[in-house]
Protein chains: 2
Amino acid sequence: MARAGLTTERLVRAGAELADEVGFEQVTVSALARRFDVKVASLYSHLKNSQDLKTGIALLALEELADRAAHALAGRAGKDALAAFANVYRDYAREHPGRYAAAQLRLDPQTAAASAGVRHAQMTRAILRGYDLTEPDQTHAVRLLGSVFHGYVSLELGGGFSHSAPDTEETWTRIVDALDALLRNWPAP
Amino acid sequence: MARAGLTTERLVRAGAELADEVGFEQVTVSALARRFDVKVASLYSHLKNSQDLKTGIALLALEELADRAAHALAGRAGKDALAAFANVYRDYAREHPGRYAAAQLRLDPQTAAASAGVRHAQMTRAILRGYDLTEPDQTHAVRLLGSVFHGYVSLELGGGFSHSAPDTEETWTRIVDALDALLRNWPAP
DNA sequence: TGCAACTACCTAAAGCTTTTAGGCAAGCCC
DNA sequence: GGGCTTGCCTAAAAGCTTTAGGTAGTTGCA
């Protein structure tokens, strides 16, 4: 009986692919076992439980997103950086809807603190260095940008905008324009 | 054997309460049957299937949210209306996290079109009448507002902001201020 | 090279959820 | 009060999760 060569890493990676194909909700230990043509119980040597798998996929997604964002930000500043950053989120969600859904998983505080989520916040802050904001306005702005990107992408992904004209492409660039304008003229309290 | 007096309406309503108590993910036909002290199969006379229950909760949540928003908007305009609208979302999500999560459920196009989701879009447009935007900028702005409110609330609910100072209360009002400023000075293409 | 230890994958089993099919009896309608 | 509708039941099949304990492939060391 040949061994399948399972490792936690391979399982999480395959789980991420599965998520993109059938949706994050449908990712199950059973489905994953089927994919490796292996009995379900075998996976429990590599995964603590089902939640462990989902968390693993979420962490992978956060990492991939942060890597892409870091790459996109290199050598850019101001509005250029803002647009590049925004596009990374949107493109990733379109290419990997299951992984993106995974990245929204609620992590317990320790896991979250050790995740690539921290890098995301740092990069957002780096973008804001191109605008003239002082604390605590910078923090407010970090949260605004996070909200807009996450909110827009998840509404678009969920089909929230699909019924109406004009197309979402145009809206996306206009929203980035608007955010840039807002950050350059951030209102005093 | 006394009858429990089940109806689809009562089941959906109880499902919504269950969602708020244990989380929308944990809402299951079995748990609902337990709550009514009734056998699981009995619920299938009133619900087509498990998805049907979840959809019902989502529609209920959308309706409740729209009702609250309509009430809050009555007699207000401009920034006042914007802030009231925003607070409805945030407060509802805090009071009814399970229902709010349900409202994010992806509905099939027909169900979505018949849902209270349409009223939400109409109300957002009504708020924008207080600002000087023409089509298609109004549509872009509708989408921006939807993104910010949804994004902010779901990040806050998911604990995304919980680690850092300053507190989210302050951020929320500053974001509403910022949106108001942005809508009054919406950048030309 | 051969044996011991390790570990990857297995079988078995219990408990939970979903869903369908068919049955009995409660409550309304005359 | 007798019949009809229908609300809730039992039974059963199928899928997912998780644990316990067994077997065989692989590695490492003498």
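Chain A is the first sequence line, chain B the second, and so forth, proteins listed ahead of strands; every chain is numbered from 1.
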Euclidean distance, atom NZ of residue A/K39 to atom C1' of D/dG15 [Å, nearest integer]: 14 Å

Among D/dT17, D/dC8, D/dT19, the one nearest B/L6 by side-chain distance: D/dC8

Length of the OH-P vector between A/Y44 and D/dT19, whole Å: 7 Å

Any A/R34 side-chain N or O less than 4.0 Å from OP1/OP2 of D/dG15: no

Rounded distance in Å - CG (B/L32) to P (C/dT18): 10 Å

Distance in angstrom units between B/L43 CG and D/dT10 P, rounded: 13 Å

Sugar-phosphate only, base, or nothing, as touched by A/S45 at under 4.0 Å among non-hydrogen atoms: base

Qualifying residues under ring pair (Phe, Tyr, Trp, His ring centres under 6.0 Å), relative to B/H46, sequence neighbours excluded: none

Sugar-phosphate only, base, or nothing, as touched by B/A31 at under 4.0 Å among non-hydrogen atoms: nothing

Side-chain touch B/Y92/B/V153, heavy atoms, less than 4.5 angstrom: no

Common cluster, A/I57/A/L157, ILVMFWY with side-chain heavy-atom separation under 4.5 Å: no

Whole-Å distance separating the CG atom of B/N49 from the P atom of C/dT17: 17 Å

Salt bridge flag under 4.0 Å for residues B/R184 and B/D132: no

Distance in angstrom units between A/F36 CZ and C/dC9 P, rounded: 10 Å

Any A/S30 side-chain nitrogen or oxygen under 4.0 Å from OP1 or OP2 of D/dG15: no

OP1 or OP2 of D/dC8 under 4.0 Å from side-chain N/O of B/H46: yes

A/L53 CG - D/dC16 P separation (whole Å): 14 Å

Short side-chain N/O contact from A/S42 to OP1 or OP2 of C/dC10, under 4.0 Å: yes

Gap between atoms CG and P, on B/L47 and D/dG7 respectively (whole Å): 13 Å

Under-4.0 Å side-chain N/O to phosphate OP1/OP2 contact, B/T28 with C/dT18: yes

A/R13 and A/E9 ion-paired at < 4.0 Å: yes

